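Everything numeric in this text was worked out from a predicted model, so none of it was measured.
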Amino acid sequence: FLRANASEPALPYTPGPRRLPVVGNWLNMPNRLLWHTMMDWKKQYGDMVFVKIWNRSFLFVNTYELAVELMEKRSAVYSSRDVSVMVNDL
């Protein structure tokens with residue numbers, strides 16, 4: 001109801017396994033050797049895989065290059081911290 005009445009449409013998530021209502025991907029997650037499942041999902045869904053378990057969201061980044069791009073080069077976009085402005089930048 002809230003999403004349907006939001007002023008802006010919700011953006012689609014990155015690809016990932018199909019989710020069930022309420023539990024999400026809880027049944028898709030392995031008990032051990034998670035990295036085997038992530039490698040299979042990388043082949044099937046790509047370098048980024050979105051998984052939702054109960055009410056928590058997870059984004060698995062499956063390549064080093066993409067991790068560097070997102071966490072170092074675009075860190076200001078994804079960080080919730082305030083950007084500190086240096087005196088020289090003013």
I'd like to know if W26 and Y45 are part of one continuous hydrophobic network [Ile/Leu/Val/Met/Phe/Trp/Tyr, side-chain heavy atoms within less than 4.5 Å].
yes

In this structure, would M39 and Y64 fall into the same cluster of hydrophobic residues linked by side-chain contacts under 4.5 Å?
no

Validation row: V49, K42 side chains within 4.5 angstrom (heavy atoms):
no

By ring-ring contact (aromatic ring centres under 6.0 Å, His included) - contacts of F50 (at least two apart):
Y13

What are the two closest non-hydrogen atoms of P17 and N25, and how far apart are they?
O-ND2, 3.2 Å

Output the distance between atom NE2 (H36) and atom CH2 (W41), rounded to the nearest 0.5 Å.
14.0 Å

Contacts of L66 that satisfy side-chain contact (heavy atoms from CB on, under 4.5 Å) - sequence neighbours left out
D47, M48, V61, T63, L70

Any non-hydrogen side-chain atom of M38 less than 4.5 Å from a side-chain atom of N62?
yes

So do the side chains of L34 and F60 get within less than 4.5 Å of each other, counting heavy atoms only?
yes

Below 4.5 Å, heavy atoms only, C-beta onward: do V51 and N28 meet side chain to side chain?
no

Kindly work out whether a path of hydrophobic side-chain contacts (I/L/V/M/F/W/Y, heavy atoms less than 4.5 Å apart) joins L59 to I53.
no

